[in-house]
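All values below come from the heavy atoms of this structure, side chains included, with hydrogens, waters and symmetry mates left out. Model, not experiment: these values are computed from the prediction.
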Amino acid sequence: MKRQIACLGLALSLWTGLASPALAAGFADVPEGHWARDSVAYVTEKGLFQGAGGDRFIPDAVMTRSMLAEVLYRYAGSPAVTGSGTYSDVPEGAYYRDAVTWAHQSGLYPDSGTATGGELKPDEAVQRGEFAVMLYHFALLTGDSPAAAEAPAGPFSDMEGVDGEVRLAVLGWACPNGILTGTGETTMDPEGGVTRAEAAAMLARYDQTFRGTDREKAEAPDGLEAARQELVALTNGLRQEAGEAPLETDETLMAAAQIRAEECAAMDDLDNYNHVRPDGRPFYTVLGDRLTGYASENLAMVSALSAREAVTVWENSSGHYQNMVNPEITRIGVGVARSDSGLYYYCQIFTDG
């Protein structure tokens, strides 16, 4: 028997495709094919973000503390602010003064870090961990989300020794809810800066998870089947770009991949999200007698019913991508299932005959 290969998509979510693409098309620097195009369209349509003047969004610019405060303040409905300014480096008349005062009074800033002293340093980039803390506190403030009970260990080695507040927000809330993804299979980079495009993606996920209509749309009778067909089409699109022949589907592989997706959704456990079946057997046993040679599997878990989002997770990981464009494979089966917590599990199974 030839080898079996498995690749696991640990990234939770990148963006969803529910917004009007015409809006994002108004930004010359967020062209068709840009990874954050749909997210930028979504948050600008919602009025959470604005362009940077003209036809620019400047997706790679840093998301500063003042910008994030302004976005969350706008998201909260721009409530009236009373009291004097909080930070010595936030001047009178600054466009974001009300926003940062509201953020401070509402307890959005981390208990430790830059914004706890007399200075905010408003033009510095928001760190990834800081972003998660502020968005988590915003969710508690607005009642969008219950409090996280604990911060599971997770696979991220660079979260060891991180402040407990950041650990809880990142590992106990942002990751499980699909808001924040790792920068690698074992890295989170909690002190890394956030770009405007990344902030747009995380805010789009938040809105779609806690306030949007994504789940209702996903429950349409043909929603899961449409996602499965799109998975096949997008995969073959990548193969065409790589100069490889398209893959064929067959009923046995499609059924097997759907079983695997449903098994992952039933487990719904980040720490046990892998290529081992619930009974401890390897993934390829789902194929039974159908397995006569090479087999490989890709898995992804994202917060929305979006085949494009899942394929993008795989495309951005070398192992997953190689599975999809492998010249040796000829057939594909795909599955999509929704867990009780509302996350979506995607599966691809490839064989050479």
Side-chain angles (χ1 to χ4, degrees), residues 39 42-44 46-50 62-151 162-180 190-191 193-196 198-212 303:
S39 293
Y42 189 95
V43 296
T44 51
K46 289 277 185 178
L48 302 182
F49 265 77
Q50 300 174 350
V62 297
M63 186 73 179
T64 66
R65 292 191 178 91
S66 59
M67 289 179 187
L68 180 57
E70 182 67 18
V71 167
L72 295 179
Y73 179 58
R74 192 180 302 126
Y75 199 9
S78 302
V81 176
T82 59
S84 59
T86 305
Y87 302 108
S88 60
D89 57 351
V90 177
E92 292 284 350
Y95 77 90
Y96 52 82
R97 186 178 178 85
D98 281 353
V100 298
T101 301
W102 165 82
H104 175 80
Q105 293 175 348
S106 300
L108 299 194
Y109 290 114
D111 291 337
S112 61
T114 300
T116 58
E119 293 186 345
L120 176 67
K121 298 183 180 179
D123 296 326
E124 285 191 357
V126 173
Q127 296 179 354
R128 286 165 55 83
E130 183 182 7
F131 192 109
V133 169
M134 291 187 66
L135 199 54
Y136 173 52
H137 288 173
F138 179 85
L140 298 180
L141 174 70
T142 58
D144 286 341
S145 171
E150 60 181 356
V162 172
D163 179 81
E165 184 182 33
V166 174
R167 282 182 57 84
L168 181 65
V170 172
L171 299 180
W173 180 80
C175 279
N177 283 299
I179 308 301
L180 187 64
E191 296 182 354
V194 176
T195 67
R196 282 171 54 86
E198 291 167 338
M202 287 187 274
L203 287 167
R205 297 172 212 149
Y206 178 98
D207 189 82
Q208 290 159 352
T209 300
F210 297 114
R211 298 188 177 187
S303 62

Notebook entry, point to check: Taking the side chain from Y109 and the backbone from V133, do they hold a donor-acceptor pair closer than 3.5 Å?
Noted result: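 Such a contact is absent between Y109 side chain and V133 backbone.
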Check: Between the side chain of N177 and the main-chain N/O of I179, is any donor-acceptor distance below 3.5 Å?
Finding: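 Judged by distance alone, no pair lies under 3.5 Å.
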Checklist line | Note: R65-E130 ion pair, threshold 4.0 Å (strictly below) | finding: yes
So do [Y] and [X] actually touch side chain to side chain, heavy atoms under 4.5 Å?
| X | Y | answer |
| --- | --- | --- |
| E70 | Q50 | no |
| T64 | Y96 | no |
| M63 | F49 | yes |
| P110 | M134 | yes |

Return the [atom1] to [atom2] distance between [X] and [Y], rounded to the nearest 0.5 Å.
| X | Y | atom1 | atom2 | value |
| --- | --- | --- | --- | --- |
| L141 | L108 | CG | CG | 6.0 Å |
| S66 | E124 | OG | CD | 11.0 Å |
| L135 | L140 | CG | CG | 10.0 Å |

Checklist line | side-chain contact (heavy atoms from CB on, under 4.5 Å) between Y136 and V170, worked out | finding: CA-CA 9 Å; Y136 173 52; V170 172; over 6 Å; no
Checklist line | Check against side-chain contact (heavy atoms from CB on, under 4.5 Å), L203 and F131 | finding: CA-CA 10 Å; L203 287 167; F131 192 109; 4.3 Å; yes
At their closest point, which heavy atom of [X] faces which heavy atom of [Y], and how far apart are they?
| X | Y | result |
| --- | --- | --- |
| S88 | E119 | OG-CG, 3.5 Å |
| G193 | E198 | O-OE1, 3.8 Å |
| R74 | L48 | NH1-O, 2.6 Å |
| G172 | A148 | O-CB, 3.4 Å |
| S39 | A201 | OG-CA, 3.5 Å |
| P91 | D89 | CD-O, 3.4 Å |

Next item on the list: Might you work through the side-chain contact (heavy atoms from CB on, under 4.5 Å) test for M202 and V194, ending with a clear yes or no?
Entry: CA-CA 10 Å; M202 287 187 274; V194 176; 3.8 Å; yes
Margin query: Run L180 and W173 through side-chain contact (heavy atoms from CB on, under 4.5 Å) and show every step you take.
Written below: CA-CA 9 Å; L180 187 64; W173 180 80; over 6 Å; no
Next item on the list: Measure up the F138 and W102 rings against each other and bin them: parallel (under 30°), tilted (30 to 60°), perpendicular (over 60°).
Entry: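 Aromatic pair F138/W102 classed perpendicular.
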Next item on the list: Check V81, T82, V90 against T101 for a side-chain contact (heavy atoms from CB on, under 4.5 Å) and give me the one that passes.
Entry: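 Exactly one pass, corresponding to V81.
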